[in-house]
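To start, the structure itself, in structure tokens.
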Amino acid sequence: MKDRREAKDIDGGVKASPADAQPADFIRNIISEDIRAKRYDSRVHTRFPPEPNGYLHIGHAKSICLNFGIAEDFGGLCNLRFDDTNPTKEEVEYVDSIKENVHWLGFDWSDRLYYASDYFEQLYESALQLIKKGRAYVCDLSPREIREYRGTLTEPGRESPYRDRTVEENLSLFERMRAGEFPDGSRTLRAKIDMKSGNLNMRDPVIYRILHAAHHRTGDKWCIYPMYDFAHGLSDSIEGITHSICTVEFEDHRPLYDWFLDELEVYHPRQIEFARLNLAYTVLSKRKLIELVEGKYVTGWDDPRMPTISGLRRRGYTPESIRNFCDRIGVAKRDSTVDMALLEYCIREDLNKRAPRVMAVLQPLRVVIENYPEGKSEEMDAINNPEEPSMGTRKVPFSRVLYIEKDDFREDPPKQFYRLAPGREVRLRYAYFIKCTGVVKDEQSGEVVEIRCTYDPETRGGDAPDGRKIKATLHWVSAGHSLEAEVRLYDHLFLKADPDEAGEGRDFKSYVNPQSLVTLKSCRIEPGMMHAAAGNRYQFERQGYFCVDPDSSKGRLVFNRTVTLRDTWAKIEKTLKQAKKS
RNA sequence: UGGGGAGUCGUCCAGCGGCAGGACGGCAGACUCUGGAUCUGCUUACAGGGGUUCGAAUCCUCUCUCCCCAGCCA
């Protein structure tokens, strides 16, 4: 990670940038400038501050890579801090998954794991200070009344009738709030700012609310909890954060962030906002992802169709590919939607270099080699990874009865189709040339159920002594030796690039792609895969990258298709079909 | 109609007064025992109008469009 961008001295000197350095984003530019100006003692200290109320997704990965990446690049530090100020929504299950996901992505917070709830006592003290300064008051308005008093986007708000309570009264009331004397929703502590502000966040925002709820860390110790704006900035301050990076929807919270820290006269980090990630054909909001999980549109948070870190991981994505994706999408402030094709490019690029190749037939079509002796079999040498010779070779059994892919045979082939067809000769990868001499059809349906072929014994290993060229090379598997496997094919979770696009009264869930999961149960795979372990990634030659799913058990292999290979033929076929239509 | 942001190839990101560049996608070709990978080439963009300037994507100005904000969520 470190040497991709300009490397900076901690004291602000910019080192010569490596030749392959990417241009720095606007946030890194700001930080470089801060270092140059010797602000924050020339330190760089960021933080990733998730609320433990859901699983992390690829949008969070962008933020994680940004925050931890900046710390690495500038020789600084990045904390992991849980923003756990709302006990009604947060659970330990989520903090565990978040920690695991961040580690899996390849980042380390060392001993700097913090919780906003660690600071509850200090936060309370700060609230007291605000009250004493006359900058906060206990308000008895109900939630509905607070809303009414707030005004609207275009009309100013009205001041609460409780706004001018004395410091003593406020102090006593706030202490009694903490003591549990009042029911939920009956009172709040509010900052006294400006009910006429054009920025609604400044219209006397609530900073403490009463919530008689058990917190996953503090238990029943508290029945009042601080709001985000109050807790977040102060947590940043307490931790000595220099640059508090968040998404653009918090831009109009910044004046409030600054207000609290100024009023309290404490160390004051700088908040910087960037645009959150949008990805085509999926949704990236915790609320919507929860709906998909709870509505059983997917099997869980780690369903391989989910854009969650856990989902991508189970799908077969590597941490490297995700980090690389985050580098390539860049960081800016404008709204944008990244192509899924870029994510797919990143995982192909990574797996092409590291995934061992294997032959698997997804939709088997039986092939009988008429001139190959019955009962005979031989072992063919196959290369594990042409991109990486050090990965060696393996043996693949060959025999008289084989399976090839249904798609690799056409009884009546279009001109550009150069795979197997009656009378045609093709190469079986690492094996022999075979020629189709006939087909066997199902009497009822007329469907081709078996292909008859002859082989040329001179072509063993895949080369013809007479030098004749063969255009097509097919993957195959020996019927008698191969293993059965289940393969799960995934496609976009949604039919529309933007599932939120308003279709009169339609909900995003109505655009879920019914074909997003297609399960193939009778696939055949090389016998060498017998002991493939869950999580292992392979390239199924000519098809794509696949990963062993944890649903696998002894004798029952289940694979997830991570991504297809680039498929030129599929493209040709598509344009062929379109031409036919018009 | 209040406040805060943002507009550059199809998509994402650079460019910060001096030839608009990279990546992904797309198209074409080379090569190939994966129609994979690799390599080569091509394609297309400064929201609009005025101004300042020898020179504007960049500075000024007006306009248009898009996004966010009315939780005791974060």
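Sequence lines set the chain letters: A, B, ... in the order given, protein chains first and strands last, and positions in each chain run from 1.
Dashed line: the shortest gap from a side-chain N or O of A:R334 to OP1 or OP2 of B:C13 is under 4.0 Å. For A:R150, a side-chain nitrogen or oxygen approaches OP1 or OP2 of B:G71 to under 4.0 Å. Taking side-chain N and O atoms only, A:R209 has a distance below 4.0 Å to OP1 or OP2 of B:C73. Distances shown here put every side-chain N or O of A:S336 at or beyond 4.0 Å from the OP1 or OP2 atom of B:U11. For A:K571, a side-chain nitrogen or oxygen approaches OP1 or OP2 of B:G26 to under 4.0 Å. Within the 4.0 Å cut-off from OP1 or OP2 of B:C72, not a single side-chain nitrogen or oxygen of A:R190 is found.
Applying the Watson-Crick and G-U wobble criteria (two distances, each under 3.5 Å), B:G2 pairs with B:C69. Applying the Watson-Crick and G-U wobble criteria (two distances, each under 3.5 Å), B:C64 pairs with B:G7. A 3.5 Å limit on both hydrogen-bonding distances identifies no Watson-Crick or G-U partner for B:A45. Pair assignment for B:G21 gives B:C13, based on Watson-Crick or G-U wobble hydrogen-bonding distances that are each under 3.5 Å.
A:L284 and A:L277 make their closest contact through CD1-O, 3.4 Å (heavy atoms, listed as atom of the first residue, atom of the second, distance).
With rounding to whole Å, A:D350 atom CG is found 15 Å from B:A37 atom P. The nearest whole Å value for the distance from the NE2 atom in A:H253 to the P atom in B:G4 is 14 Å. Rounding to whole angstrom units, OH of residue A:Y55 and C1' of B:A74 are separated by 19 Å. A:R328 places its CZ atom 16 Å from the P atom of B:A14, with the value rounded to the nearest Å. Atom CD1 in A:I207 sits about 13 Å away from atom P in B:A74, given to the nearest Å. In this structure, the CG atom of A:L200 is 8 Å from the C1' atom of B:G2, given to the nearest Å.
Of the N and O atoms on the side chains of A:Y149 and A:D204, not one donor lies less than 3.5 Å from an acceptor on the other residue. For the residue pair A:E378 / A:Y432, a side-chain donor-acceptor distance below 3.5 Å is found, with atom types taken as modelled.
Judged by atom type and distance alone, A:E387 does not reach the base of B:U38 through any side-chain donor-acceptor pair under 3.5 Å. Judged by distance alone, with hydrogens and angles left aside, A:R566 brings no side-chain donor or acceptor close enough to the base of B:U34 to form a pair under 3.5 Å. On a pure distance criterion of 3.5 Å, no polar donor-acceptor pair joins the side chain of A:Y345 and the base of B:G25.
Comparing B:G36, B:U34, B:G2 by their closest approach to the side chain of A:R429 singles out B:U34. Across B:G71, B:G36, B:G10, the shortest atom-to-atom separation from the side chain of A:M227 is found for B:G71. The side chain of A:T154 lies closest to B:U1, out of B:G3, B:C72, B:U1.
Atom name C1', nucleotides B:G4 and B:C9: the rounded distance is 29 Å, in whole Å. Taking atom P on both B:G22 and B:A14, the two are 16 Å apart, rounded to the nearest angstrom. Nucleotides B:G21 and B:U8 are separated by 11 Å at their C1' atoms, to the nearest Å.
Across all strands shown, A:T85 has heavy atoms under 4.0 Å from sugar-phosphate atoms exclusively, and none from any base.
Along RNA chain B, the nucleotide nearest A:N86 and the nucleotide nearest A:W569 are compared for position; the residue whose nucleotide lies closer to the 5' end is A:W569. Residues A:K471 and A:D84 both approach RNA chain B. Their nearest nucleotides, taken by heavy-atom distance, put A:K471 toward the 5′ side.
One finds no salt bridge joining A:R542 and A:E405 here, because no Lys/Arg side-chain nitrogen approaches an Asp/Glu carboxylate oxygen to under 4.0 Å.
In this structure, A:F82 and A:Y115 have parallel ring planes: the angle between them is below the 30° cut-off, well short of the 60° mark.
Between A:F250 and A:Y228, the distance from one ring center to the other falls under 6.0 angstrom.
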